[in-house]
Amino acid sequence: MRVEIWSDIACPWCYIGKARFTKGLAEFAHRDEVEVVYRSFELDPHGAKGVTAPVLEMLARKYGRTLEEARGMEEHVAASARAEGLDYRTDGRDHGNTFDIHRLLHLAAARGRQVELLDLAFRANFAEERSVFDPQVLLDLAVEAGLDETEARAVLADDSAYAAEVRADEREAAELGANAVPFFVLDRRYGISGGQPAEVFTQALEQAWAGRELPEPAADAEACEPDGACAVPQA
């Protein structure tokens with residue numbers, strides 16, 4: 001079985017959803033026969049390259065909140081992340097265009113190191129004092145993931161490298177009706193949207209394996225939309 005996951009490094013529910021999916025997959029009897037492929041989806045594809053803004057300021061502006069209210073929103077998301085065993089910083093993070101990250105993830109996929117780079121990028125963005133929008137940080141992450149430094153540097157220096165692959169993933173997401181991430185597709189037959197609980201993923205894998213129709217997942221599963229708006233759990 002193949003599971004394809006559309007996500008963006010800037011999406012907190014993709015970070016949380018990946019952890020929940022991993023837990024759900026661990027409970028699936030046929031987990032060793034599941035191929036997981038990560039696909040590109042940009043929440044802010046029109047953002048200028050190299051231009052970043054503090055996440056709290058971005059949230060306050062987007063939702064018409066004060067900085068303190070935005071910090072409270074982030075704390076709610078952080079609580080969900082920590083419940084999954086993930087570290088999550090609510091201060092000091094920035095937001096920007098993720099196209100270069102996706103291009104580098106396609107290089108990593110070609111070299112068999114996609115999951116390693118994705119995990120490092122998620123952790124750098126949400127848990128560490130490192131900006132994934134800094135080219136040097138991206139290069140460092142690529143090397144940490146096991147990629148060749150010279151090759152990774154060349155990809156980052158060439159805006160056309162793996163650009164077609166990123167755009168192809170995004171077109172495919174649109175064709176499949178994905179309007180928010182994370183978005184999970186099981187064997188090109190079943191789609192699941194949002195950071196569902198781990199047990200929902202286990203059930204979906206079991207039913208997809210058996211060829212049965214999937215039940216409707218919880219309608220209020222958290223996700224991030226293309227305008228950058230991300231669901232925030234209520235206090």
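Scanning both residues, Ile16 and Val77, for their nearest heavy atoms gives CD1-O, 3.9 Å. Listed here is the closest heavy atom pair of Ala204 and Leu186: O-CD2, 3.7 Å. Shortest non-hydrogen contact noted between Leu104 and Ala142 is CD2-CB, 4.0 Å. What you find for Leu107 and Ala152 is that their closest heavy atoms are CD2-CA, 3.8 Å. Annotation for Met1 and Leu205: closest pair CE-O, 3.6 Å, computed over non-hydrogen atoms. Between Arg123 and Asp87, the shortest heavy-atom distance links the atoms NH2-OD2, 3.0 Å.
Between Glu128 and Arg93 no salt bridge is recorded (no basic side-chain N to carboxylate O distance below 4.0 Å). Checked for salt-bridge contact, Asp119 and Lys18 meet the test: a charged N lies under 4.0 Å from a carboxylate O. Using a 4.0 Å cut-off between a side-chain N of Lys or Arg and a carboxylate O of Asp or Glu, Glu4 and Arg188 qualify as a salt bridge. Salt bridge annotation for Glu170-Arg39: absent, with no cationic side-chain nitrogen under 4.0 angstrom from a carboxylate oxygen.
Connection of Val166 to Leu156 is not established within any shared hydrophobic cluster, with ILVMFWY side chains joined at heavy-atom distances below 4.5 Å, either directly or through further cluster members. Residues Val181 and Leu176 fall within the same hydrophobic cluster, defined by Ile, Leu, Val, Met, Phe, Trp and Tyr side chains chained together at heavy-atom separations under 4.5 Å. Clustering ILVMFWY residues whenever any of their side-chain heavy atoms sit less than 4.5 angstrom apart, transitively, puts Val115 in the very cluster that holds Tyr15. Using a 4.5 Å cut-off between side-chain heavy atoms of Ile, Leu, Val, Met, Phe, Trp and Tyr, with links allowed through other members, Met73 and Leu56 fall into different hydrophobic clusters. In the hydrophobic clustering of ILVMFWY residues, with side-chain heavy atoms under 4.5 Å counting as a link, Tyr38 and Val132 come out together.
Counting only N and O atoms by type, the side chains of Asp8 and His102 include a donor and acceptor under 3.5 Å apart. Judged by distance alone, the side chains of Tyr88 and Glu74 do bring a donor and an acceptor atom under 3.5 Å apart. Residues Ser40 and His106 bring a donor and an acceptor atom of their side chains to less than 3.5 Å of each other. Side-chain polar atoms of Asn97 and His46 form no donor-acceptor pair below 3.5 angstrom.
How far CZ of Arg65 is from CD of Glu68: 13.0 Å, rounded to the nearest 0.5 Å. Separation of atoms OG1 (Thr202) and CZ (Phe21) is listed at 9.0 Å; rounding is to 0.5 Å. With rounding to the nearest 0.5 angstrom, the SG atom of Cys11 is 13.0 Å from the CG atom of Asp44. Between the CG atom of Asn179 and the OG atom of Ser193 there is a distance of 6.5 Å, given to the nearest 0.5 Å. Distance check, rounded to the nearest 0.5 Å: CG of Asp100 to CG of Asp134 gives 11.5 Å. Glu27 CD to Thr22 OG1: the interatomic distance, rounded to the nearest 0.5 Å, is 12.0 Å.
By the 4.5 Å heavy-atom criterion applied to side chains, Ser7 and Phe183 are not counted as neighbours. At least one side-chain heavy atom of Glu165 sits less than 4.5 Å from a side-chain heavy atom of Tyr162. Proximity of Lys49 to Asp159: side-chain heavy atoms (C-beta onward) are separated by under 4.5 Å at one or more points. When side chains are defined from C-beta on, Leu86 does not count as touching Phe122, because their heavy atoms never get closer than 4.5 Å. Taking the side chain as every heavy atom from C-beta outward, Pro197 and Val200 approach each other to under 4.5 Å. For the pair Ile9 and Leu118, the minimum side-chain heavy-atom distance is below 4.5 Å.
A donor-acceptor contact shorter than 3.5 Å is absent between the side chain of Glu57 and the backbone of Pro54. For Thr98 (side chain) and Ile101 (main-chain N/O), no donor-acceptor pair under 3.5 Å exists by modelled atom type. A donor-acceptor pair is defined here as one N or O able to donate and one able to accept, closer than 3.5 Å; such a pair exists between the side chain of Arg103 and the backbone of Asp158. Judged by distance alone, the side chain of Glu149 and the main-chain N or O of Leu139 form no donor-acceptor pair under 3.5 Å. Here the side chain of Arg111 pairs no donor or acceptor atom with the backbone of Arg113 at under 3.5 angstrom. Side-chain atoms of Arg20 come within 3.5 Å of backbone atoms of Gly195 as a donor-acceptor pair (strictly under, hydrogens ignored).
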Practice item. Report the C-alpha distance between Lys62 and Met58 in whole Å, list the side-chain angles of each, state the deciding distance to 0.1 Å, and finish with yes or no for side-chain contact (heavy atoms from CB on, under 4.5 Å). Key: CA-CA 6 Å; Lys62 180 178 293 292; Met58 181 273 291; 3.8 Å; yes

Point to revise | salt bridge (charged side-chain N to carboxylate O under 4.0 Å, His left out) evaluation trace for Arg153 with Asp148 | key: CA-CA 9 Å; Arg153 189 188 300 276; Asp148 177 77; over 6 Å; no

Exercise for review: Would you check, one step at a time, whether the test side-chain contact (heavy atoms from CB on, under 4.5 Å) holds for Phe28 with Val34?
Suggested key: CA-CA 10 Å; Phe28 178 52; Val34 176; 3.7 Å; yes

Check your understanding: For Val3 and Val37, what are the C-alpha separation, side-chain angles and deciding distance, and is it a side-chain contact (heavy atoms from CB on, under 4.5 Å)?
Key -> CA-CA 6 Å; Val3 177; Val37 178; over 6 Å; no

**Study point:** Stepwise side-chain contact (heavy atoms from CB on, under 4.5 Å) check, Asn125 with Phe133
**Key:** CA-CA 9 Å; Asn125 189 45; Phe133 307 103; 4.2 Å; yes

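Taking the ring axis of Phe99 as reference, the NZ or CZ atom of Arg167 stays within 45° of it and closer than 6.0 Å to the ring centre.
Centroid-to-centroid, the aromatic rings of Tyr190 and Phe184 stay 6.0 Å apart or farther.
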